[in-house]
Amino acid sequence: MNSASAHTASITGITSKSISESIVVLDYGSQYTQLIVRRLRELGVFAIIMPHTASLQEILENQPKALVFSGGPTSVYDEGAPAIIEGLFESDLPTLAICYGMQLVAHSLDGEVTASSHKEYGKAVLTERRSALFDGVDSESVVWMSHGDSVTTLPSGFEVIASTADTAVAAMANTNKNIFCLQFHPEVQHSQDGQKILENFLELTGFSRTWQAEHIVESLIADVQAQVGDKNVLLGISGGVDSSTLGLLLHKAIGEQLLPVFVDNGLLRQGELELVSQSLRSLGLPLHVVDAKEQFYKALAGVTDPEQKRKAIGKTFIDVFSEKARDLEKTVGEISFLAQGTLYPDVVESAGGHGAANIKSHHNVGGLPDDLSFELLEPFRTLFKDEVREIAAKLGMPPAMKNRHPFPGPGLAIRCLGDITAEKIDILQRVDNIFITMLIERDLYGSTWQALAVLTPLRTVGVVGDGRSYGYTVALRAVSSIDGMTADWTRFPHEFLADVSNAITNQVPEVSRVVYDITSKPPGTIEWE
Ligand code: XMP
């Protein structure tokens, strides 16, 4: 799967037939592009990202009712800076251009952008606002600026619609053509009324804003039925909310053609196998469980590099699925599809939509072999996690299961630093279980987006009773986040952390020290590997 296929594909899973209004966000390399998409979806419009290298035809295939240009790190004067897509202005689509997007509009038409060594970064207040785009925006409302270059000459047909103390053209518009340009970032939380501005843009350009995650269940089912026909589908279930929800959806869509497989890779949390198989079977999923612990441990033996671990796990999963498929085919006939609960952030993070670095190979996106013998079925690849949770609720998943923290496909392997052994996984399982159980008992589980424990190879000296101990250091991590793309560490009460630490050192003799990770993302990632 390459970045082009991840981004230029028309909306899969949800088609423009079933979504009457969509908006295409053209990505000029901003770190906030996904955030723009989220904000628009929160406002009831189905938004997708496309790269700035897409052709006009590819964009129009998605039948957008409007466009958004994201910001970006470059100057319009940089060599190789993204240019405007040929024919885009002639398409007469209403457009909201943000930051670099605004400079690109000015530069591509007959305006002028002036490069400046002085960078305006941070909060600013909009003055002299002259547009319905700012209706309902507080006069003291703060917006978030982050730019070096500025628009100094307006293109014909444009007028200034807002300024700040430092920037004369903080926003400009060509109202006849419905092109609105903002030098600041309405999508970030620091822009106090940013969401109102986005909402006003949607109102001004005639969106009816009826899109809701729960409405898409029926269209997803119809699309899956059309894509799969009478073929069989193998689904890898991880116990997480994404693959479990996909299981329920596919079961509803194609019934017995769905073959859900839960692989015990020996890297699961304590009691996970029993919990997941019981709860999914009680929801009607005919789960096939495969014990592949030995196969995974063998593939991981001596592997310490995080990327190698992920790749080894991804490959072993495919081997196990293929073996199981061959076995099942003896009774059900050919299996053509492999379904995965891949989400939009996985696609964007793994593919690096605009040439960004591949931070981690998410095993269900980046780790697939080129010669995969299944066709991939990924109905959620344009959805965010909270949208999947809404679908889960609609499909009858109990809240405790729907609201489970995310758990990575490679499991505890990427939380057990260094080489993997059954003994280390066992220690980590016990530590993790204490932490998660205490979070639930103290009613704190729902107050954090994801909580986890990491077993480090670091041994330190401790004192137990009258004796000396020399055990492992474990790290606890809990983060607050919206979709895992950015995160901050969760501020638990100190008493709670003290109690968890005591419980771990008392109940897990192999551990002599507990630390709490206070790194945000960025610069840290959520998982340690
Ligand atoms: P990072 O560590 O990249 O994690 O900040 C962001 C979110 O993604 C989860 N994660 C994964 N999920 N396969 C998955 O299914 C993976 O390979 C993977 N790596 C990270 C992580 O738990 C967090 O929720």
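For ligands, and for the atoms within them, numbers begin at 1 and follow the listed sequence. Here the structure is a predicted model, which is why all the values come from computation and not from measurement.
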Per-atom contacts, ligand 1 versus Lys521 - under 4.0 Å to a heavy atom: 1 (P), 3 (O), 5 (O), 6 (C)
Backbone or side-chain N or O of Arg310 under 3.5 Å from ligand 1 N or O: yes
Which atom of Glu387 lies closest to which atom of Arg41, heavy atoms considered: OE1-NH1, 2.7 Å
Nitrogen or oxygen atoms of Gly409 and ligand 1 under 3.5 Å apart: yes
Under-4.0 Å heavy-atom contact with ligand 1, by part of Pro408 that carries it: both
Distance in Å, Tyr297 OH paired with Asp419 CG, rounded so as to fall on 0.5 Å steps: 12.0 Å
Atoms in ligand 1 with a heavy atom of Thr525 nearer than 4.0 Å: 1 (P), 2 (O), 5 (O)
Region of Ala487 that comes within reach of ligand 1 [heavy atoms, distance under 4.0 Å]: neither
Pair Tyr445 and His405, ring centroids less than 6.0 Å apart: yes
Charged N-O contact under 4.0 Å between Lys394 and Glu390: no
Interatomic spacing from CG in Leu259 to CG in Leu287 - rounded to 0.5 Å: 11.0 Å
Within-cut-off N or O pair, Ile526 and ligand 1, under 3.5 Å: yes
Any Trp449 heavy atom less than 4.0 Å to ligand 1: yes
Pair Glu272 + Arg404: basic N to acidic O under 4.0 Å: yes
